Amino acid sequence: MQPALAAAPVDRRSVVSLFSRLRTAEGQSNPLPLYAELRAMGDIVPAPWGGHLVTSFGLCHQLLRSRSWRVPDRGWRARQVDATRWSASASRQMGGTMPMLNPPHHTRVRRLVGNVFDRNAVAGMRASVEQTTNRLLDRFEEELTQGTADFCALVSEELPVITIGEWLQIPPNDYALLRALTHDQVYTQELFPTPSQLTLSDESTRQLHEYFTNLVNERRRNPGDDPVSSWLRAWDMQEPDREAADKDVYFLTLFMVLAALETTAHVLSSMVRLLLEHPRQLNWLRVHPEQIPDAIEETLRHDPPIHMISRVASEDTELAGVTVRKNEMVQIMVGAAHHDPDHFASPEVFDISRRASHLSFGGGIHYCLGNALARLEAECLLTALLERLPGLRISAPPLWEPRVAFRRLITLPVVRG
């Protein structure tokens, strides 16, 4: 890897224009040329709205693993002058979830949660995920007999919510509501949500707060063998204040659903899209299914579910020759870093034999808690698709949500034969 380069003077309008193009549906359908433009501006680029953009793989990896960089927690958000974005109720709620906690609070919560998706736990979930996958593919295959079927609506949006819903023992009739609320809630985590998007996010967050507060209260009254009841028991042993314990468990349950639905759905739809766009590699996988894990990892590199992650400097810091002031934010541009030619050979090429590292699950103390579950869902789905549905092809251009940070494929029209 080449040494990190400090940013040369950058025209503010060029950066604004680039992000305007990136957040369109067209920009989302192929962001790679825009990321190349951004990387050409430097490894660290001043953001016109304040802070900096980090584009190189080496610097992004360093920041994600470093304990000296913090997440924008509730305290940081409360100090910002941009009240419209950071003081919105949806933003305040996100500030209480585990990815937005700094030590020592984060350390305490992570220790109490433990490794809920360790090898044994994930192995125990495999049969259920396989059963759900085949049930969804039954319906998908039935739709294919009539012509075009939308893979997103029928499969990739359904598998994550059913998997996490069954694990949390949430009533199946509530899955559609939680999926819809999650799609709207995520706007508050975007770079520049519009007023209408913030309104949607605030309302969805209000409904999610009501739903999961009621869920925690119900499990408090009638504890069982579900994760929420287990967390309540664990918190009660450490926290004498029942109200504080219930609040922590609420934030944890909310986070589990938000994290499991939006990001995993993208991994599943992106994986299928990329393989259908590369039929030779798809055919290779049919003969060599042992390479399915490699195909999943290359999907995570080529098109990660989160393309931008925020960190805050805990003190004045020199980063690639640029001074980042205490409490100043940097945006870790994961989508650009994953196509850094100084780290990857031919990074624009989707290659399931690559076996390269990636930052899709973050790093350091905030490394994704559910990474093994997401990989399990992807493995079960791809295995079943290879066995059951040869001859699939994309029948029309996919449609994308015009966002920057969180990727979402809205439709993936597919036909058979």
Side-chain angles (χ1 to χ4, degrees), residues 117 121-183 256-277 282 285-286 289 292-293 295-296 299-300 303 305 370-396 398-401 407-417:
F117 298 119
V122 170
M125 299 174 72
R126 179 177 290 274
S128 176
V129 174
E130 289 176 342
Q131 184 179 30
T132 300
T133 298
N134 280 301
R135 187 170 70 249
L136 293 173
L137 290 181
D138 286 343
R139 182 182 168 202
F140 181 62
E141 193 166 6
E142 183 178 342
E143 287 289 322
L144 286 170
T145 63
Q146 307 300 315
T148 299
D150 181 7
F151 184 82
C152 292
L154 296 171
V155 184
S156 60
E157 294 275 351
E158 291 287 328
L159 182 55
V161 70
I162 295 172
T163 299
I164 203 70
E166 289 182 347
W167 182 66
L168 290 171
Q169 297 185 24
I170 291 172
N173 288 341
D174 296 343
Y175 294 169
L177 171 66
L178 294 177
R179 186 174 58 245
L181 292 177
T182 298
H183 288 326
M256 288 291 181
V257 171
L258 293 179
L261 269 59
E262 198 76 3
T263 54
T264 307
H266 170 77
V267 172
L268 302 180
S269 58
S270 182
M271 174 182 70
V272 172
R273 174 186 67 86
L274 286 167
L275 286 168
L276 291 180
E277 289 176 348
L282 180 60
L285 276 181
R286 294 188 195 283
I292 285 176
I296 296 168
T299 296
L300 288 163
D303 189 14
N371 72 89
L373 181 58
R375 286 176 165 120
L376 172 67
E377 292 179 52
E379 181 182 343
C380 291
L381 175 58
L382 187 49
T383 299
L385 276 174
L386 291 173
E387 293 174 352
R388 295 183 49 169
L389 292 168
L392 295 181
R393 61 180 176 84
I394 299 173
S395 59
L399 295 180
W400 297 85
E401 181 82 18
R407 296 277 279 166
R408 185 189 170 204
L409 193 57
I410 302 174
T411 63
L412 180 60
V414 174
V415 294
R416 191 173 188 177

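None of the values given here were measured: they were computed from a predicted structure.
Here the rule is side chain to side chain donor-acceptor pair (under 3.5 Å) with Arg179, and of Glu262, Glu158, Glu157 only Glu158 fits it. Pro305 pairs with exactly one of Thr299, Thr264, Val267 by the side chain to side chain contact (heavy atoms under 4.5 Å, CB included) rule, that one being Val267.
Heavy atoms only, all atoms of each residue included: Val129 and Leu376 are closest at CG2-CD2, 4.0 Å. Residues Met271 and Ala378 come closest through the heavy atom pair CE-O, 3.6 Å. For the pair Pro289 and Pro293, the tightest heavy-atom approach, listed with the atom from each and the gap, is O-CD, 4.4 Å. Among all heavy-atom pairs drawn from Leu412 and Asp150, the shortest one is N-OD1, 2.9 Å. For the pair Ser395 and Val415, the tightest heavy-atom approach, listed with the atom from each and the gap, is CB-CG1, 3.6 Å. Residues Ala384 and Asn134 come closest through the heavy atom pair CB-OD1, 4.1 Å.
By the neighbour-count criterion of 12 heavy atoms within 6.0 Å, atom CD of Glu277 is densely surrounded, having more than that number from other residues, nucleotides or ligands. Counted within 6.0 Å of CD on Gln169, heavy atoms from surrounding residues, nucleotides or ligands total more than 12; the atom is thus considered enclosed.
Taken from CH2 in Trp400 to OG1 in Thr411, the straight-line distance is 10.0 Å, to the nearest 0.5 Å. The line from OG1 of Thr182 to CG of Leu261 is 4.5 Å long, rounded to the nearest 0.5 Å. The line from CG of Leu178 to CG of Asn173 is 11.5 Å long, rounded to the nearest 0.5 Å. Here OG1 of Thr133 is found 6.0 Å from CG of Leu381. Values are rounded to the nearest 0.5 Å. In this structure, Leu282 CG and Leu274 CG are separated by 11.5 Å, a value rounded to the nearest 0.5 Å. Here Cys152 contributes atom SG and Ile410 contributes atom CD1; the two are 8.5 Å apart, rounded to the nearest 0.5 Å.
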### Message
Checking Ile292 against Leu386 for the side-chain contact (heavy atoms from CB on, under 4.5 Å) test, could you report, in this order, the C-alpha distance in whole Å, the side-chain angles of both residues, the deciding distance, and whether it holds?
### Response
CA-CA 10 Å; Ile292 285 176; Leu386 291 173; 3.7 Å; yes
### Message
Test side-chain contact (heavy atoms from CB on, under 4.5 Å) on Arg388 and Asp138; report intermediate values, then the result.
### Response
CA-CA 10 Å; Arg388 295 183 49 169; Asp138 286 343; 2.6 Å; yes
### Message
Apply side-chain contact (heavy atoms from CB on, under 4.5 Å) to residues Ser128 and Glu166 and explain how you reach the verdict.
### Response
CA-CA 9 Å; Ser128 176; Glu166 289 182 347; 3.0 Å; yes
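Within the 4.5 Å cutoff, no side-chain heavy atoms of Arg126 are placed close to those of Val122. Within the 4.5 Å cutoff, the side chain of Met125 has no heavy atoms near those of the Glu377 side chain. Phe140 places a side-chain heavy atom less than 4.5 Å from the side chain of Val414. Taking the side chain as every heavy atom from C-beta outward, Leu392 and Leu385 approach each other to under 4.5 Å. Taking 4.5 Å as the limit, some side-chain heavy atom of Arg286 sits within range of a side-chain heavy atom of Pro390. Within the 4.5 Å cutoff, the side chain of Leu268 has no heavy atoms near those of the Leu382 side chain.
Looking at His183 and Glu401, their side chains never bring a donor and an acceptor atom within 3.5 Å of each other.
Judged by distance alone, with hydrogens and angles left aside, the side-chain atoms of Ser269 form a donor-acceptor pair with the main-chain N or O of His266 at under 3.5 Å. Using modelled atom types, no side-chain atom of Thr383 and backbone atom of Cys380 make a donor-acceptor pair closer than 3.5 Å.
Using a 4.0 Å cut-off between charged side-chain N and carboxylate O, Glu143 and Arg416 make no salt bridge. Using a 4.0 Å cut-off between charged side-chain N and carboxylate O, Glu379 and Arg375 make no salt bridge.
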